[in-house]
Amino acid sequence: MGKMRTQSAPWRAAAVLASVLLVGGVAACGNSDTGGGGTKDDGKITMGFSQVGAESGWRTANTTSIKEAAAEAGIELKFDDAQQKQENQIKAIRNYIQQKVDVIAFSPVVESGWDTVLKEAKDADIPVILTDRSVDSADKSLYKTFLGSDFVKEGKLAGEWLVEQKKTASGPVNIVELQGNTGAAPANDRKKGFGEAIAANPNLKIIASQPGDFTRAGGKQVMEQFLKANPKIDVLFAHNDDMGLGALEAITAAGKVPGKDITIITVDAVKDGMQALADGKFNFIAECSPLLGPQLMDLAKKVHAGEEVPPRIETEETTFTTEQAKEALPNRKY
Ligand code: GZL
């Protein structure tokens, strides 16, 4: 500790004034966007949000919905894009805990490996809301609620449509499957729902299934491999539109007609996917709504106020055929 020097009266008054201003300044800074967090003096809620990434049209629409809804709700949003890496999400959540935000919300890129950081948020008395994707934590007290879709149902609807379409098939119907990123709830659950549904018709066989990471590039690359390795492919089931759109390029390059030589079923129903469906390049889409922002902000306010909320809130969704896509396209919000 440096030697403390006494000061004359005028200097001492100036030093006191300076220290008061400094403390006031730091306090003001502490509530700014750079840190400090917590409910702002004006009672504004601060939310820390960790997003999976920007891998698909669905994700882009989801991010837009969250940012617009936060602004609309007057919620201070701290937003992080994890580039599809769990370690980046864990880092972001720890930053939000340090900043003492009022609420943490995130879309877990994979189902497992969250208990430790969620326990840290719970110990810091910061409520957590899961949105879009869930986690496999046995301890349900680690988060307040889950807001999103029933991915098993989406896969089931896709499979049931195919069973109906192929009910008169006399021989094997070869299916290839483009999965979402390994370990992701939508990948695990869509695969489960689809597989259970097509079991109704033993002619329907999944001959190849690989992750395409929910991206167009991934869908194209894996579909190229499928086409090289399998001379007879009758159906593609892609866990999202973007992988299906990437696969279209590979199918066309292989001299096959998408939607005719190969039946294509996807999930999401984002605009580009709906256009492909309307054009007959896709044959069926199970919708998965990204427009979770307004509900998320309502939940954040309730959770912050200490109100009870349901443990799981599922979004309303439907399915589309080519004709239905033509009708729906003009009014699609995403
Ligand atoms: C589903 C969401 C999935 C979308 C993909 O809720 O997690 O991730 O289906 C997105 O398009 O990449």
Side-chain angles (χ1 to χ4, degrees), residues 49-66 81-86 88-89 105-112 114 129-136 145-158 177-194 210-222 236-248 264-277 282 284-293 295-296 312-320 332-334:
F49 190 91
S50 168
Q51 180 61 292
V52 165
E55 74 282 0
S56 64
W58 190 99
R59 189 65 54 199
T60 305
N62 180 244
T63 292
T64 302
S65 175
I66 287 160
D81 172 336
Q83 294 165 348
Q84 291 213 117
K85 291 186 174 65
Q86 180 173 31
N88 290 346
Q89 291 199 288
F106 75 116
S107 171
V109 62
V110 292
E111 287 189 288
S112 308
W114 302 99
I129 298 174
L130 299 181
T131 168
D132 165 31
R133 300 182 184 180
S134 193
V135 299
D136 61 8
T145 185
F146 164 80
L147 165 65
S149 305
D150 179 346
F151 301 133
V152 174
K153 183 180 170 191
E154 292 165 351
K156 181 168 174 286
L157 289 168
E177 180 180 29
L178 289 169
Q179 300 175 34
N181 59 287
T182 303
N188 294 336
D189 292 353
R190 286 169 185 168
K191 179 171 184 52
K192 179 175 187 292
F194 183 78
Q210 293 292 331
D213 289 348
F214 284 126
T215 65
R216 292 193 188 202
K220 179 182 177 188
Q221 190 183 356
V222 175
L236 162 63
F237 172 49
H239 290 182
N240 80 331
D241 292 340
D242 286 69
M243 291 191 291
L245 292 164
L248 285 184
I264 300 179
I265 306 166
T266 67
V267 185
D268 278 354
V270 296
K271 201 161 276 182
D272 289 349
M274 290 289 272
Q275 190 59 60
L277 181 58
F282 285 179
F284 186 79
I285 302 181
E287 185 182 37
C288 176
S289 174
L291 304 182
L292 304 175
Q295 286 174 285
L296 173 59
R312 184 177 175 89
I313 298 141
E314 287 185 0
T315 43
E316 293 295 313
E317 293 164 352
T318 184
T319 59
F320 295 95
R332 282 309 272 176
K333 290 186 192 148
Y334 60 92

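The figures here come from the full heavy-atom set of this structure, side chains too, leaving out hydrogens, waters and symmetry mates. These figures come from a predicted structure and were not determined experimentally. One-based numbering along the sequence shown. Just so you know, ligand 1 is whichever comes first in the structure, and atom 1 is the first atom listed for that ligand.
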(request) Would you check whether Arg59 has a nitrogen or oxygen atom less than 3.5 angstrom from a nitrogen or oxygen atom of ligand 1? (result) yes

(message) Polar contacts were defined as any N/O atom of the residue lying under 3.5 Å from an N/O atom of the ligand; does this apply to His239 and ligand 1?
(response)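 In fact, backbone or side chain, His239 has no N or O that close.
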
(request) Identify the heavy atoms of Ser107 and Arg59 that sit nearest to each other, and give their distance. (result) OG-NH1, 3.5 Å

Would you mind listing which atoms of ligand 1 come within a distance below 4.0 Å of any non-hydrogen atom of [X]?
X      : answer
Glu55  : 8 (O), 10 (C), 12 (O)
Phe151 : 1 (C), 6 (O)
Ser56  : 5 (C), 10 (C), 11 (O), 12 (O)

Return yes if a side-chain donor-acceptor contact under 3.5 Å exists between [X] and [Y], otherwise no.
X      : Y      : result
Glu55  : Asn181 : no
Glu317 : Ser149 : yes
Glu154 : His239 : no

Looking only at protein heavy atoms, identify the closest one to [atom] and say how far it is in Å.
atom                    : result
atom 8 (O) of ligand 1  : Arg133 NH2, 2.8 Å
atom 11 (O) of ligand 1 : Asp268 OD2, 2.6 Å
atom 6 (O) of ligand 1  : Asp132 OD1, 2.3 Å

Any atom of ligand 1 sitting under 4.0 Å from a heavy atom of [X]?
X      : answer
Val267 : no
Cys288 : yes
Pro186 : yes

(message) Does this structure show an ion pair linking Lys191 with Glu177, if we count only N-O contacts that are shorter than 4.0 Å?
(response) yes

(request) Please confirm whether Trp58 and Phe214 have ring centers closer than 6.0 angstrom. (result) no

(request) Using the test salt bridge (charged side-chain N to carboxylate O under 4.0 Å, His left out), find all partners of Asp213 that sit at least two apart in sequence or belong to another chain. (result)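 Result, salt bridge (charged side-chain N to carboxylate O under 4.0 Å, His left out) vs Asp213: none returned.
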
(message) Checking contacts here: is it the side chain or the backbone of Arg190 that comes within 4.0 Å of ligand 1, counting heavy atoms only? Could be both or neither.
(response)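 For Arg190, only side-chain atoms sit under 4.0 Å from ligand 1.
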
(message) For Tyr334, does the six-membered ring have the charged nitrogen or CZ of Arg332 within the cation-pi criterion, i.e. under 6.0 angstrom from the centroid and within 45° of the normal?
(response) yes

